[in-house]
**Q** 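For reference, the structure I am asking about is given below.
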Amino acid sequence: MNTYDTMLEKAVVVTSLRSEDIFGVIAELMDALVASGALPEAKKDEAKQAIVRREMSASTVMTDEIALPHGRTDVVEELVCAIGVHKDGFAADAPDGEPTKVVILMLVPPSAGSGYMVFLGSISRKLMDPTTREAIISAPDRDGVLAALRG
């Protein structure tokens, strides 16, 4: 199994994001990582700060309803990923002015090397396809989101 498929299999998926800004969405996804056991509760704030620091230095909100918040942190030993879907979208100052609906959050260990870049590149290419994005946004559950990303 390649890195992309492995990461998708391990990803935590939330199909009902409700926050109205990127920082609220980051908090929702961090809570989901803790609830799933992918991130220890005691390390949540430290991990969140790594992502917020990165977001404050340069926004990861992109065109086409996508955001890719990520940060390097030693609170994880391997790449950790949460995929979030906000059905209505939220305002995030996207370059194209569109609401953000699909968020891929990644916690990256300092030792990750270029492995996470391969995953980031692969998932970014998938998300650029409008049909894939629409399938993700309309997916009712984790299986539907992952099927769209594998398609």
Side-chain angles (χ1 to χ4, degrees), residues 2-36 38-39 44-73 75-76 78-109 112 114-151:
N2 66 31
T3 302
Y4 181 76
D5 291 331
T6 300
M7 284 311 307
L8 285 183
E9 192 57 39
K10 293 180 182 180
V12 171
V13 178
V14 178
T15 58
S16 57
L17 293 174
R18 297 283 179 239
S19 295
E20 294 302 317
D21 64 44
I22 190 67
F23 299 106
V25 166
I26 289 169
E28 280 187 73
L29 292 174
M30 297 302 281
D31 288 344
L33 288 171
V34 169
S36 74
L39 179 67
K44 180 176 83 170
D45 289 340
E46 186 177 344
K48 181 180 170 189
Q49 285 307 311
I51 294 201
V52 168
R53 271 193 310 274
R54 170 62 178 87
E55 197 64 33
M56 296 297 286
S57 71
S59 176
T60 60
V61 175
M62 302 171 60
T63 60
D64 299 319
E65 307 173 313
I66 303 165
L68 302 167
H70 58 281
R72 285 196 180 268
T73 176
V75 304
V76 294
E78 63 181 6
L79 181 64
V80 172
C81 177
I83 301 168
V85 179
H86 195 295
K87 304 283 187 198
D88 298 325
F90 61 94
D93 294 327
D96 60 3
E98 294 298 317
T100 299
K101 295 183 178 179
V102 179
V103 180
I104 311 295
L105 180 142
M106 291 172 286
L107 296 171
V108 184
S114 63
Y116 91 96
M117 293 301 290
V118 171
F119 176 71
L120 183 60
S122 296
I123 205 160
S124 295
R125 281 189 296 282
K126 292 279 190 181
L127 292 171
M128 292 299 151
D129 175 52
T131 304
T132 300
R133 273 196 320 278
E134 187 50 45
I136 292 167
I137 294 164
S138 63
D141 56 23
R142 179 180 194 275
D143 290 340
V145 169
L146 296 182
L149 286 168
R150 287 184 181 116

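Residue numbers count from 1 along this sequence.
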**Q** Search all heavy atoms of F90 against all heavy atoms of I22 and return the closest pair with its distance.
**A** CE1-N, 3.6 Å

**Q** At what distance, to the nearest 0.5 angstrom, does CD1 of I26 lie from CD1 of I51?
**A** 6.0 Å

**Q** Hey, are E55 and K48 close enough for a salt bridge, meaning a charged N less than 4.0 Å from a carboxylate O?
**A** no

**Q** What's the shortest heavy-atom distance between L29 and G84, and which atoms?
**A** CD2-CA, 3.9 Å

**Q** For the residue pair V25 and L17, what are the closest heavy atoms and their distance?
**A** CG1-CD1, 3.7 Å

**Q** Kindly compute the distance separating OG1 (T73) from CZ (R54), expressed to the nearest 0.5 Å.
**A** 14.5 Å

**Q** Specify the closest pair of heavy atoms between A139 and V145, including all atoms of both residues, with the distance to one decimal.
**A** CB-N, 3.5 Å

**Q** Take V52 and M56 through the test side chain to side chain contact (heavy atoms under 4.5 Å, CB included) and record every step on the way to the result.
**A** CA-CA 6 Å; V52 168; M56 296 297 286; 4.0 Å; yes

**Q** Could you go through V85 and I136, starting from their C-alpha distance and side-chain angles, then the distance that decides it, and tell me whether this counts as side chain to side chain contact (heavy atoms under 4.5 Å, CB included)?
**A** CA-CA 7 Å; V85 179; I136 292 167; 3.7 Å; yes

**Q** Looking at every non-hydrogen atom in both residues, tell me the closest pair between R142 and L8 and how far apart they are.
**A** NH2-O, 3.5 Å

**Q** Got a donor-acceptor contact below 3.5 angstrom from the H86 side chain to the T100 backbone?
**A** no

**Q** Verify side chain to side chain contact (heavy atoms under 4.5 Å, CB included) between M106 and L79, making sure each step is shown before the conclusion.
**A** CA-CA 7 Å; M106 291 172 286; L79 181 64; 4.0 Å; yes

**Q** Just so I know, are the side chains of L68 and L127 near enough to count as touching, which here means a heavy-atom distance under 4.5 Å?
**A** yes

**Q** Under the side chain to side chain contact (heavy atoms under 4.5 Å, CB included) criterion, do K101 and E134 qualify, and how do the steps go?
**A** CA-CA 10 Å; K101 295 183 178 179; E134 187 50 45; 5.9 Å; no

**Q** Are any non-hydrogen side-chain atoms of L105 and L33 less than 4.5 angstrom apart?
**A** yes

**Q** Return the minimal non-hydrogen interatomic distance between A94 and M62, and the atom names on each side.
**A** CB-O, 3.6 Å

**Q** Give a yes or no on whether the backbone of G89 and the side-chain of E65 come within a donor-acceptor separation of less than 3.5 Å.
**A** no

**Q** Does R133 use its side chain to pair, donor to acceptor, with the backbone of D64 at less than 3.5 Å?
**A** yes

**Q** Can you tell me how far apart CE (M117) and OG (S124) are? Round to the nearest 0.5 Å.
**A** 8.5 Å

